[in-house]
Every structure is written in structure tokens, then in C-alpha cells.
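Take a look at the structure below.
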Amino acid sequence: MKRQLHILLFYLAAAVLAAAGLASCQNKELYDLRFTDPTAKAVTVRINWAEGLPVPTANGMRINVFSLNPDVAPHYGKDDVSAHGGLVWLRPGTTHQTFAYNYADNNLKFVNEHDPALIEAVSTELTRATYSRAFPDEQTIDQVRGDFHVGIHPGYTVLDTDQEQFFDLYPADAVKTYTFEIRGVAGAEFIASARGAISGFSASYFLATGELAAEPSTLLFNAQANGGQKTVTGSFRTFGRLDVTNNFTIEILYPSQTPGEGIVQYTWDVTGQIADGTNYHILIENDPANGIPEIPDPGTVNENGGWDVKLNEWNDIAVPLE
């Protein structure tokens with residue numbers, strides 16, 4: 001009985017190792033073929049930048065290569081190259097689709113990297129206690145920080161030649177920048193800090209199609225007050241809005257010696273301004289009687305020589321990417 005059990009365990013272990021070996025063959029790093037397949041050919045991936053686009057020089061670009069005929073070539077490989085490209089080693093006679101994107105210089109998480117149709121860039125979750133109390137059912141995320149450019153080559157067939165081979169990628173910016181201005185903020189010179197939020201935006205971007213994830217999220221971002229112009233202004237970066245209502249919320253912190261005061265929050269529906277997808281500037285004319293009230297002059301300082309400002313729960317909390 002023990003001998004039969006040992007034999008069974010041996011075959012089970014062999015099966016597990018075989019499966020692991022098969023999986024590793026299907027997901028080799030691109031440079032592996034140079035050493036494991038004597039027929040592999042060097043192909044230069046050239047990344048071309050349009051004038052005016054920032055070039056990510058520090059960490060370069062990631063390239064994901066997917067075989068369009070996986071029956072004769074590894075299905076998938078990836079490598080990190082310079083901002084202008086690099087060499088990959090591929091089997092002659094095979095055709096590959098290639099993605100290039102700046103992987104490291106932003107706060108994004110990438111999922112489904114082994115699937116060319118589903119590879120996705122996902123925004124970082126971010127929470128703010130003051131906002132979540134007012135809107136507890138909303139999913140809140142950080143704006144996209146840093147650049148995010150994506151270039152795709154639909155398919156290059158590797159030739160069986162020792163002559164130089166190459167193909168070109170042309171990255172484009174996948175992130176949109178919105179600006180905003182709230183006018184008529186009386187007492188703006190007394191604002192200590194301001195932050196904003198806007199609902200109805202997407203948390204992720206599908207690289208292959210440029211489509212957005214359909215579930216709406218709320219972006220959190222900072223704002224700046226200008227006392228002389230009586231304005232609150234700022235900007236935020238995003239993959240894009242969804243076809244839903246866009247509520248814009250501003251939160252203002254000001255000095256107060258009265259417990260429970262010192263924070264103002266007000267929301268406007270700005271859908272009509274940005275729904276057509278051509279306008280990226282939000283302009284709000286504030287009415288102190290029906291909007292942000294006049295920010296009070298803090299008056300005299302307290303006996304310690306400073307304002308008794310309550311800052312509890314004003315900090316944002318980033319949720320680490322797994």
C-alpha cells in the first residue's frame with residue numbers, strides 16, 4: 001500500500017512540474033529566445049515621439065509582445081527598453097502584435113498583461129473622509145499622475161534573414177487634462193486650503209482599444225485659492241469621462257476658532273459643460289447666497305499667536321497598489 005502511494009505521489013509531482021514547465025514556455029521574457037532558440041532573429045523596436053510629447057527617459061518604456069500564431073511561437077513576452085526602443089528576439093515566420101507604454105513613471109496598476117485584448121491600466125484608489133461622509137456610495141480614485149503614452153503595432157512578421165529588421169511605434173497620450181475655475185469666491189484670501197472632486201469618470205483604460213471601464217468613479221484632486229481674483233482654480237488628469245452625470249465638488253478649509261466650523265463643501269452639476277467631449281475647462285460662477293458662502297475674516301489671533309484651525313480628517317489616504 002505504501003509503495004502504491006509513493007508511486008502515485010511521484011506521478012502527481014511529475015505532472016505538476018510538467019504543467020509548470022509548459023506555462024513558463026508560453027510566457028518567456030523576450031530575451032530568453034536569444035539563448036534558447038538558435039533560429040531567433042533580432043528585431044529592433046523603434047519608438048518615435050511626436051513633437052511636444054514628453055519623453056520618459058528615466059525608466060524608458062515597457063513593451064508587451066503577443067504572438068498572433070501562438071501554435072508555433074511563445075504566446076507572450078515583455079521587456080523594458082529605453083524611451084526610443086530596443087532589441088527583441090523573435091522566431092522567423094511568426095507575426096507579433098506589440099504594445100509600448102511607460103510603465104514606471106506614474107501611479108497606475110497594470111492588469112491582464114498576458115491578454116492583448118484585456119491589458120488594462122487602472123487608477124489608484126484614494127479616499128478622503130470629508131468627501132466620503134457626504135457621498136458614501138461613490139468609489140473614489142486618485143487622478144493619473146505622471147505621463148501615460150501608449151503605442152501599438154498591429155502585427156510584424158519576422159523574416160528569416162540576417163539583415164536588420166525593425167518596426168515603428170508612435171506613442172500617443174492616453175490621458176486628458178481638465179482645468180477648472182470657480183469665480184466670485186468672496187473672502188478667498190482667507191482660504192487655507194482647497195480640494196476638489198468630480199464624479200462620473202473612468203478608473204481604467206484598455207490599451208488595445210482605448211475604451212474606458214464602464215463603472216463610474218470620482219476623481220480627487222487639489223485646488224488653489226487666489227484672494228485677489230476671488231477664484232479657486234486647478235486641474236486634474238484622467239482617462240476620460242463616462243456618459244453619466246458629472247458633479248463637481250469643492251471643499252474649502254479656512255481658519256476658525258469655533259468648533260465644527262472651518263470647512264465648506266459645495267457641489268455643482270457640470271455635465272452640460274463637458275458632456276460633448278470637446279471642452280476641457282470647467283467654469284463656475286459662484287453665488288455666495290446659493291453656493292460657497294463668503295469665507296469669514298478670521299479676525300484676531302488666539303492667545304498662542306496663531307489660528308485655532310481644526311485639520312482633522314483633511315488628509316487623503318492612498319490605497320497601495322497590489
Side-chain angles (χ1 to χ4, degrees), residues 123 126-145 173 175-203 212 215-256 260-298 309-311 313-316:
S123 299
L126 191 68
T127 61
R128 182 183 299 163
T130 51
Y131 187 86
S132 296
R133 274 201 300 268
F135 304 94
D137 297 328
E138 294 184 13
Q139 172 181 291
T140 52
I141 58 174
D142 196 0
Q143 64 173 317
V144 179
R145 300 180 184 272
D173 194 352
V175 177
K176 299 174 176 62
T177 300
Y178 285 75
T179 57
F180 60 88
E181 179 182 9
I182 305 172
R183 297 176 179 173
V185 182
E189 64 270 28
F190 306 127
I191 293 175
S193 183
R195 299 188 179 187
I198 189 165
S199 66
F201 281 72
S202 179
L212 306 177
E215 182 181 359
S217 298
T218 296
L219 287 170
L220 302 180
F221 44 85
N222 292 326
Q224 300 80 41
N226 186 314
Q229 298 183 7
K230 297 183 178 181
T231 61
V232 175
T233 61
S235 64
F236 57 88
R237 291 163 54 77
T238 172
F239 292 127
R241 70 173 296 276
L242 301 173
D243 190 18
V244 295
T245 300
N246 304 115
N247 288 321
F248 183 95
T249 299
I250 199 73
E251 292 183 329
I252 289 173
L253 182 72
Y254 64 91
S256 174
E261 294 185 0
I263 294 180
V264 171
Q265 184 186 79
Y266 197 81
T267 300
W268 297 266
D269 183 344
V270 297
T271 311
Q273 293 192 43
I274 58 177
D276 64 1
T278 62
N279 177 47
Y280 297 96
H281 181 66
I282 297 168
L283 177 60
I284 296 172
E285 297 287 354
N286 180 60
D287 177 6
N290 188 29
I292 302 173
E294 182 175 355
I295 305 302
D297 185 335
V309 182
K310 304 300 182 184
L311 298 177
E313 299 185 304
W314 187 247
N315 291 332
D316 294 343

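Because only heavy atoms are used, hydrogens play no part in the values below, and waters and symmetry mates are left out as well, while side chains stay in.
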query: If we ignore angles and hydrogens, is there a donor and acceptor under 3.5 Å between the side chains of T218 and S199?
result: no
Over all atoms of both residues, closest heavy-atom pair of L219 and F236: CD1-CD1, 3.7 Å
task: State the CD1-OG1 distance between I198 and T267, to the nearest 0.5 angstrom.
output: 10.5 Å
message: I'd like to check F180 versus F221 (side-chain heavy atoms, cut-off strictly below 4.5 Å). Are they in contact?
response: yes
- prompt: How about N246 and F201: do any of their side-chain heavy atoms sit closer than 4.5 Å?
  reply: yes
- request: Using a 4.5 Å cut-off on heavy atoms from C-beta on, say whether the side chain of T249 contacts that of Q265.
  value: yes
query: Hey, are the side chains of W268 and I292 touching, using non-hydrogen atoms and a 4.5 Å cut-off?
result: yes
task: Not counting sequence neighbours, which residues clear side chain to side chain donor-acceptor pair (under 3.5 Å) with D137? List them please.
output: none
message: Using 0.5 Å steps for rounding, measure from the CD atom of Q143 to the CZ atom of R237.
response: 7.5 Å
- prompt: Side chains of I191 and V185: does their closest heavy-atom pair fall under 4.5 Å?
  reply: yes
field: Least distance between heavy atoms, S202 atom then I141 atom
entry: O-CD1, 4.0 Å
task: Can you see which heavy atom on Q273 is nearest to which on H281, and at what distance?
output: OE1-O, 3.7 Å
Gap separating the CD1 atom of I282 from the OG1 atom of T271, nearest 0.5 angstrom: 9.5 Å
field: Closest approach of P298 to P255 (non-hydrogen atoms, all atoms of both residues)
entry: CB-CB, 4.1 Å
query: How long is the gap from CG on L242 to CG on L212, to the nearest 0.5 Å?
result: 6.0 Å
Donor-acceptor contact below 3.5 Å, side chain Q139 vs main chain S217: no
query: So do I263 and L253 actually touch side chain to side chain, heavy atoms under 4.5 Å?
result: yes
- request: Please report the shortest heavy-atom distance between L220 and L126, naming the atom on each side.
  value: CD1-O, 3.7 Å
query: Between Y131 and A197, what is the shortest heavy-atom contact and its length?
result: CE1-CB, 3.5 Å
query: Could you go step by step and tell me if T233 and N226 meet the side chain to side chain contact (heavy atoms under 4.5 Å, CB included) rule?
result: CA-CA 8 Å; T233 61; N226 186 314; 5.9 Å; no
message: For N247 and F135: C-alpha separation, side-chain torsions, deciding distance, then whether side chain to side chain contact (heavy atoms under 4.5 Å, CB included) applies.
response: CA-CA 11 Å; N247 288 321; F135 304 94; 5.9 Å; no
- request: Output all residues satisfying side-chain contact (heavy atoms from CB on, under 4.5 Å) with N290, sequence neighbours left out; order by chain, then residue number.
  value: Y266, D287
query: With a 4.5 Å heavy-atom cut-off, do T177 and Y280 have their side chains touching?
result: no
query: Looking at side-chain heavy atoms only, is the closest gap between R241 and Y178 below 4.5 Å?
result: yes
- request: May I have all residue pairs that pass salt bridge (Lys or Arg N to Asp or Glu O under 4.0 Å) and include part of residues 181-190, sequence neighbours excluded?
  value: E181-R183, R183-E285
